[in-house]
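In what follows, every heavy atom counts, from backbone to side chain, and hydrogens, waters and symmetry copies are set aside. These numbers come from a predicted model, not from an experiment. So that the names make sense, note that chain A is the first sequence line, chain B the second, and so on, each numbered from 1.
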2 protein chains.
Amino acid sequence: MVVRLKDIARDLGVSTVTVSKVLRGRTDIGQKTRERVLKRMDELNYQPNMLARALAGGRSYAVGLVVPDLVHPFFGEFARSLAGALRSEGLVLVLASSEEDPDIEEQEIQTLLTRGVDVLLVASCRPSTHPPKALTETTTPVVLIDRHFPKLPMDFVGTNDLMVGEVAGRHLAGIGRRRIAHIGGRGISPTADRLKGFQRALAAVGIELPKEYVVTRERFEESGDATGYHAMQELLSLREPPDAVFCYNDLSAIGAMDAAMQAGLRIPHDIAFIGCGNLRYADYLRVPLTSVDQSSHRLGDMAAKRVLELSTGAGGAPQTLRLEPRLIVRKSTVV
Amino acid sequence: MVVRLKDIARDLGVSTVTVSKVLRGRTDIGQKTRERVLKRMDELNYQPNMLARALAGGRSYAVGLVVPDLVHPFFGEFARSLAGALRSEGLVLVLASSEEDPDIEEQEIQTLLTRGVDVLLVASCRPSTHPPKALTETTTPVVLIDRHFPKLPMDFVGTNDLMVGEVAGRHLAGIGRRRIAHIGGRGISPTADRLKGFQRALAAVGIELPKEYVVTRERFEESGDATGYHAMQELLSLREPPDAVFCYNDLSAIGAMDAAMQAGLRIPHDIAFIGCGNLRYADYLRVPLTSVDQSSHRLGDMAAKRVLELSTGAGGAPQTLRLEPRLIVRKSTVV
DNA sequence: CTGAAAGCGCTAACAC
DNA sequence: GTGTTAGCGCTTTCAG
């Protein structure tokens, strides 16, 4: 069957403890013994049973990540850079997706917890006022990603969402638009911040954001295009439709643009669009989409740094890390 | 701290075995005892330690999946439906991505194996002649996804790639094209089949596929658009460029179309394109992309069925399951 | 430097 | 129906 520490110890006439120590690179083993052990491990292609190690040692060297949607480019890229950074430190990333379903999310969190991850990262799909129960009860360190829960004193890594809104608002105003609308989210924390920053930027140049110009919806990740499409139809039915729209994310912007084009509007002449997330295909769309980039890659690196601290117990007080977004201008706003 | 079986047993004055049996729903426990145990578990919100369970029981109730790229829609959707189907059977899916790097792939496979998954699913990025070493040595049941290794007698779930090529070839010939080219992959198993089916379909209507009309490349998932772009430039530089191209996947088709448009060609008038995978954004592209759909969702369900059999030990001989692809026609081939 | 003893939290097999 | 014993493969502690 499979090789165990015990087998190596028996072969070499040493104790399992000695082998275990060599395995973990401890220095209190003699040079010669160490070499013999290493040699035998290599010969037998020994692979430690991580279940046993985790159970005995209280550390699994695994980190969990729960996201609302894996196919979503933002989370996919975040996960990628996070996994890479952790891998080089000897930690594995265990991925799970909630499919934007609070029940599945709760379940996935429990699963990762009972499987002993050392740190748990969560981009929750729950309203910012109702954190997942399991999160509040566990003693495992948790890092909230992208969406936070104001009432929970937990680590957070995400985008400066106020600035996302500001960047979008400033850009749309800057290209001369005045009837500016927003298709936004609801519930999760970034939505409120983005709207606030957006309003602030518009107010700064004397533009107001009337209530009917703010359309909010709930699910934005998986079928965001349909969400955006319908929200846009609502805006188009107004007596005075907008001449620019800031959408919560790129997928909803794509759907919204589709609705506008079907209504015979020209982009950006009649109406401009800006999204958020800067997705992989933004360049190849019918109308290349201006977007606010969240540097998901750098976010992943930052999260990894924090995870490393937490996984060694040297966490300290909860920290909040926010990255500044960048505007990527394409033809949906500027010819 | 955290609640253990032992705590419940102590509280109730029964043995841990009794509690364990109730936990696992075994029927050889008296009604009254069972209820007391259940009640106490609920009160204490007991969550079994899955590490310990897996170590002691030899089953982890976890299934591993290694894909070349998570952001890739095909694998993302496959993973989603697989996870859903497994979840409803009490199994968890543990996801890992190799980023199309054979070394990372090998490492991720090892990781999942040493962490005790009951079944391992792998969509390998390695050439079909050189399977990952760890795969050939393990005793854990393995299911190959999308790409198989002819020499390895293992379970396989994937698309009928011969038919992918045929569908594409027949369609392009059917819309009257004659100078038909292929931008294809290399190494992994689907590439050869797709090319073969493609050739066969063309031959059936008297069209030959000259060597210079077949451009092959290696990495197609992550930066497939750039790959397609450059491959297309090669085709455009021929004395007689093609009037239709079948691309290995949608991402490469997007890049290829970009190159064609930059060269001043009109799609589909001057040149038609067909991809494979039917990605989420295909409808919203500058030119909506005709694509061969692989029904990733159904593939996930099929894989889940097979995994369930394998995870209970009732595997039997390796099986090969192939799903038939469907053609989705859009404006990149037909106005 | 090395190893014996104890135990992580759970389950398998068999007694009672 | 219920409990006892033994052990999964590893790490920890501490004695030598």
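Atoms CG and CZ, from B:L299 and B:R322 in turn, are 10.5 Å apart once rounded to the nearest 0.5 Å. Taking CG of A:L44 as the reference point, atom CZ of A:R4 lies at 11.5 Å (rounded to 0.5 Å). The structure places CG of B:L321 at 7.5 Å from CG of B:D155, a figure rounded to the nearest 0.5 Å.
With respect to the salt-bridge test (charged N to carboxylate O, under 4.0 angstrom), the residues A:D7 and A:R10 qualify. Under 4.0 Å is where a charged nitrogen must lie from a carboxylate oxygen, and between A:K39 and A:E43 at least one such pair does.
Both tests hold for B:R59 against B:Y61: distance to the six-membered ring centre under 6.0 Å, angle to the ring axis within 45°. For the pair A:R80 and A:F78, the cation does not sit on the ring face, since its NZ or CZ is not both under 6.0 Å from the ring centre and inside 45° of the axis.
Side chains of B:S97 and B:E108: a donor-acceptor N/O pair is absent below 3.5 angstrom, by distance only. Looking only at atom types and distance, the side chain of A:E35 has a donor-acceptor partner in the side chain of A:Q31 under 3.5 Å away. Using a 3.5 Å distance cut-off with no hydrogens or angles, the side chains of B:Q47 and A:T114 do not pair a donor with an acceptor.
Within residues 7-31 of chain A, the residues approaching DNA chain C are A:V14, A:S15, A:V17, A:T18, A:K21, A:D28, A:I29, A:G30, by heavy-atom distance under 4.0 Å. Heavy-atom distances under 4.0 Å link DNA chain C to B:A52, B:R53, B:A56, B:G57 of residues 52-64 of chain B, given in residue order.
With sequence neighbours excluded, no residue forms a salt bridge (Lys or Arg N to Asp or Glu O under 4.0 Å) with A:R26. Evaluation of the ring-ring contact (aromatic ring centres under 6.0 Å, His included) rule for B:F156 yields B:H148 as partners, not counting sequence neighbours.
For DNA chain C, the outermost nucleotides in 5' to 3' order that have an atom under 4.0 Å from a heavy atom of chain A are C:dC1 to C:dG9.
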Strand DNA chain D as a dot-bracket string - pairs counted if Watson-Crick or G-U with both distances under 3.5 Å, | where the partner lies in another strand: ||||||||||||||||
